[in-house]
Amino acid sequence: MAEAVGIVCHPRIDIGGPPVMEARRRLEQRGFRVWTYCATAEERPGALVDTLDGTRLIVSIGGDGTLLWTAQQAAAAHIPVLGINAGRLGFLTQVQLGEEGQALDRWAAGDFTLQRRALLEARAGDRVFHALNDAVVHKGLEINLIRIEVSVDGQPAGRFDADGVIVSTPTGSTGYGLSLGGPILHPDVRALVYMPLNPHSLFNRPIVLPERSRIGIRLPKDAAILTCDGQQNAQLQPGAEVQVGSGLQVELVQFDGGRNFFDLLRRKLRWGLPLTDGDD
């Protein structure tokens with residue numbers, strides 16, 4: 001059986017439209033078997049498990065959310081992911097829609113590198129979730145704050161009242177964590193960021209931890225929700241504990257001469273730019 005390349009699309013992307021058909025044509029000309037799939041956030045990891053046999057690459061066409069979902073599917077099968085941005089921000093994707101043909105030609109010719117990205121593993125009871133960006137324990141729609149107890153590698157690390165707590169990867173440091181005042185981590189840094197969500201305190205600040213750290217999040221008296229990458233949810237009852245640490249890894253296809261990390265920060269977040277467009 002010929003090696004396969006999968007194309008995972010956001011539901012708003014027409015599988016029969018020009019970008020997907022052009023990608024399929026170029027791949028099939030090179031002898032690859034091509035399969036396609038439309039992903040939605042409601043679908044769980046494992047949705048592609050029966051499709052991945054013989055797959056050498058998964059192409060994600062959509063926004064960052066589509067790539068997050070695709071990465072969760074690809075990581076367990078050790079299949080690289082090429083992200084093509086057809087969304088609004090596209091911070092995780094190096095290739096823009098319309099450039100997919102050239103990108104696939106370069107990949108097929110071996111003109112690429114693979115960048116390792118760590119995923120979080122969040123365990124709540126007998127359920128296991130994976131996240132490329134972040135795992136968040138939060139109060140949901142409740143108005144009152146919730147009491148949270150945090151440990152790092154079995155040692156007490158915090159006890160506070162807040163809206164919740166977030167653990168993010170370097171990949172996720174430019175996502176939800178950034179809007180909460182967290183640090184920006186280069187994707188090659190092997191670390192985790194732990195921070196409370198709106199704590200009722202003047203002194204709780206984000207903490208950068210080694211990637212090997214295991215973070216325990218316990219709810220001594222309140223219910224809460226665990227959300228991973230903004231897509232997977234689990235209800236947590238009072239007394240529940242979530243264990244978060246590094247788990248699987250996914251490899252993202254990168255091209256020399258493409259947009260580097262600092263270029264993305266400038267283009268997408270205006271980091272490192274003056275407040276005005278003038279020279280003064």
Side-chain angles (χ1 to χ4, degrees), residues 1-43 45-117 132-133 171 174 187 229 231 250-261 263-264 266-268:
M1 180 182 294
E3 288 185 309
V5 173
I7 301 177
V8 174
C9 299
H10 188 279
R12 288 199 295 267
I13 301 295
D14 181 8
I15 285 183
V20 178
M21 295 306 295
E22 174 63 14
R24 176 186 285 274
R25 182 186 67 80
R26 289 186 182 238
L27 290 165
E28 289 177 342
Q29 282 182 341
R30 292 180 176 270
F32 290 102
R33 176 173 53 89
V34 179
W35 55 263
T36 57
Y37 191 88
C38 274
T40 65
E42 290 72 25
E43 295 179 84
L48 300 180
V49 67
D50 296 328
T51 312
L52 297 178
D53 188 36
T55 298
R56 185 174 160 190
L57 173 75
I58 301 180
V59 180
S60 169
I61 303 180
D64 287 343
T66 305
L67 190 140
L68 292 173
W69 187 89
T70 303
Q72 294 169 16
Q73 314 296 315
H78 308 289
I79 300 172
V81 175
L82 169 60
I84 297 174
N85 180 42
R88 180 177 57 86
L89 186 58
F91 197 88
L92 300 179
T93 52
Q94 193 185 38
V95 178
Q96 294 296 119
L97 193 66
E99 302 172 352
E100 62 278 352
Q102 180 183 4
L104 288 169
D105 286 344
R106 291 183 67 179
W107 170 80
D111 181 19
F112 66 93
T113 58
L114 294 175
Q115 184 180 61
R116 166 198 175 277
R117 300 288 183 106
L132 179 57
N133 262 0
T171 301
T174 52
D229 277 351
Q231 298 176 349
V250 68
E251 293 179 317
L252 301 184
V253 174
Q254 303 285 303
F255 299 105
D256 290 340
R259 301 174 183 88
N260 63 36
F261 181 65
D263 187 33
L264 285 171
R266 286 189 294 271
R267 287 173 177 265
K268 305 296 184 179

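Both backbone and side-chain heavy atoms feed into the values below; hydrogens, waters and symmetry mates do not.
Side chain of D229 to main chain of L132: a donor-acceptor pair is present (N/O by atom type, distance under 3.5 Å, no hydrogens or angles). Side chain of Q102 to main chain of E99: no donor-acceptor pair is present (N/O by atom type, distance under 3.5 Å, no hydrogens or angles).
A search for side-chain hydrogen bond (donor to acceptor under 3.5 Å, both in side chains) contacts involving T171 returns R117, not counting sequence neighbours. Every residue two or more places apart in sequence or in another chain that forms a side chain to side chain contact (heavy atoms under 4.5 Å, CB included) with L264 is listed here: F91, R259, K268. Partners of R267 by salt bridge (charged side-chain N to carboxylate O under 4.0 Å, His left out), not counting sequence neighbours, listed by chain and number: D263. Listed by chain and residue number, L248 satisfy the side chain to side chain contact (heavy atoms under 4.5 Å, CB included) test with A76 (two or more places apart in sequence, or in another chain). Scanning for salt bridge (charged side-chain N to carboxylate O under 4.0 Å, His left out) contacts around R26 gives E22, D105, with sequence neighbours left out.
Summarising the geometry of P11 relative to C38, their closest heavy-atom pair is CA-SG, 4.4 Å, with the distance given to 0.1 Å. Heavy atoms only, all atoms of each residue included: E100 and G98 are closest at OE1-N, 2.6 Å. Residue G83 comes nearest to L67 through the heavy atom pair CA-CD1, 3.6 Å, listed as atom of the first residue, atom of the second, then distance. For the pair R56 and P80, the tightest heavy-atom approach, listed with the atom from each and the gap, is O-CD, 3.4 Å. Nearest approach of I84 to T93, heavy atoms of both residues: N-CG2, 3.9 Å.
The structure places CG of N85 at 7.0 Å from CG of D64, a figure rounded to the nearest 0.5 Å. Taking CG of L57 as the reference point, atom CD1 of I7 lies at 9.0 Å (rounded to 0.5 Å). Between atom CD of residue Q73 and atom CG of residue L52 there is a gap of 7.5 Å, rounded to the nearest 0.5 Å. Remark: L104 CG to R24 CZ distance equals 12.5 Å, nearest 0.5 Å.
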Subject >> Check against side chain to side chain contact (heavy atoms under 4.5 Å, CB included), Y37 and T51 >> reply: CA-CA 10 Å; Y37 191 88; T51 312; 5.7 Å; no
Original post:
Can you list the steps and then say if L68 with Q231 is a side chain to side chain contact (heavy atoms under 4.5 Å, CB included)?
Top reply: CA-CA 9 Å; L68 292 173; Q231 298 176 349; 4.2 Å; yes
Original post:
Are D14 and V20 close enough, and set up right, to give a side chain to side chain contact (heavy atoms under 4.5 Å, CB included), and what steps lead you there?
Top reply: CA-CA 8 Å; D14 181 8; V20 178; over 6 Å; no
**OP:** Verify side chain to side chain donor-acceptor pair (under 3.5 Å) between W35 and T55, making sure each step is shown before the conclusion.
**Re:** CA-CA 9 Å; W35 55 263; T55 298; 3.0 Å; yes
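For the pair T66/I61, no side-chain contact is recorded, criterion being any heavy-atom separation below 4.5 Å from C-beta on.
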Which donor-acceptor pairs under 3.5 Å do side chains of residues 250-257 form with protein atoms, sequence neighbours excluded?
none

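Seen from the ring of W107, R30 does not count as a face-on cation partner, given the 6.0 Å and 45° thresholds.
Environment of CZ in R116: crowded, with over 12 heavy atoms of neighbouring residues, nucleotides or ligands closer than 6.0 Å.
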